[in-house]
Protein chains: 2
Amino acid sequence: MPLDRIDRRILERLQRDGRIANADLAEFVGLSASACLRRVRTLEEAGIIDRYVALLDQSKIGRRMDIFVEISLKSQSNETLSAFEEAVARSTEIMECHLMAGDADYLLRIAAADPVDFERIHRDHLARLPGVSRMRTSFAIRAVSRNTAFSLPETGPDLPQQAKAK
Amino acid sequence: MPLDRIDRRILERLQRDGRIANADLAEFVGLSASACLRRVRTLEEAGIIDRYVALLDQSKIGRRMDIFVEISLKSQSNETLSAFEEAVARSTEIMECHLMAGDADYLLRIAAADPVDFERIHRDHLARLPGVSRMRTSFAIRAVSRNTAFSLPETGPDLPQQAKAK
DNA sequence: TTTCCTTCGGCACACCGATACGCATGGCTG
DNA sequence: CAGCCATGCGTATCGGTGTGCCGAAGGAAA
């Protein structure tokens, strides 16, 4: 699905303010409300807009520690990977999980309240992940920046940002 | 600010669907629309709800590569750190940056379209960060899970989740 | 216990925005 | 040039939002 200049402006705006009123968004991108709404719906249906969420202030809800955990598995077999990934998906404490190239197999990010809370997460979540051979934990002292918005370059008047991903 | 059971349900819901109509949210948590709206406003004003955003499908906008970069600085002086962090904050390509305990000083996450795009980002963004002594890059093959919602434990009927963070 | 006070939820209403039409315009193709 | 598709505009309607007011529940002090 090609994204023209207007689509990109819509996405840019919605990435910063997911709750903006359609009328305001329309004015911002220079369309009528109905035309703008139609584009937003199209972007939603295409799955380009995945979902809308509220982001909480991590420190204000008491999750001050970010912890990164590098994990190596005992084997690289399909079953081992699948079992591990399913367990990760079930855990509500694992904020992010990436399959990595390089020394470690997976990289996880955990948000914990404090060391005691991390111990709980370690015991109840991390230690129960199947197939783990090695775990290396790094603590973050402070989150410098956290960004959910991708920049959508103004590449020409109407560059097909990228073809179908389906 | 103490969060009671209803507040936590509101937050849980808004973390999953930031665009839910207030009337529906009210029904979900078992309040009238007005009472519910008042609570949401309070949570917003307290900064517990930081902001609302639209999340895009990273692969559908052509950002298929996640790259983690560990960075060590030449010095740990305040000026070096500040200069580095300010440069990071200005970059639109750096999705996350954490000050770390352990070998590396910082951990960054970058979202790139492909290797060529990463080269551009490396050249125009990473290579220009001030004070860097060493950089170690790891590629993610695939994002297994990505979660923006914190679980808000149902700790008792009305546990002060945590005191003022101001 | 009574009274005062604070907090919080429900109710009702006025208003604003979302949404679904129908119509107009313009580019492309046969 | 005629028809078609895509896309935008304007409007009318409907539903949600947000405010003002009242009443209930709980706590403190006399």
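Note on naming: letters A, B, ... go to the chains in the order of the sequence lines (proteins, then strands), and numbering restarts at 1 for each one. These numbers come from the heavy atoms of this one structure, side chains and all, not from hydrogens, waters or symmetry mates. Note that this is a predicted model, so its numbers are computed, not measured.
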> Just checking, Arg63(B) and Phe150(A): is the charged tip under 6.0 Å from the six-membered ring centre and within 45° of the axis?
no
> Answer with yes or no whether the side chains of Ser133(A) and Ser72(A) bring together a donor and an acceptor at under 3.5 Å.
no
> I'd like to know if Asp114(B) pairs up with Arg64(B) as an ion pair, taking the criterion as any Lys NZ or Arg NE/NH1/NH2 lying under 4.0 Å from an Asp or Glu carboxylate oxygen.
no
> Is a salt bridge present between Glu44(B) and Arg51(B), judged by a nitrogen-to-oxygen distance below 4.0 Å?
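Salt bridge between Glu44(B) and Arg51(B), a charged N being under 4.0 Å from a carboxylate O: no.
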> For DNA chain C, determine which residues of residues 25-55 of chain A have any heavy atom closer than 4.0 angstrom to one of its atoms, and list them numerically.
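Output list: Ser34(A), Leu37(A), Arg41(A).
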> Rounding to a whole Å, what distance do you find between Asn22(A):CG and dT11(D):P?
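That distance rounds to 17 Å.
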> Using a 6.0 Å distance limit plus a 45 degree cone around the ring axis, check whether Arg19(B) lies over the aromatic ring of Tyr52(A).
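Positive - Arg19(B) is close enough to the ring of Tyr52(A) and near enough to its axis.
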> In whole angstrom, give the distance that lies between atom CD1 of Ile10(B) and atom C1' of dG9(C).
12 Å
> Over how many whole Å does the gap from Ile20(B) atom CD1 to dG16(D) atom P extend?
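Rounding to the nearest Å, CD1 of Ile20(B) and P of dG16(D) are 12 Å apart.
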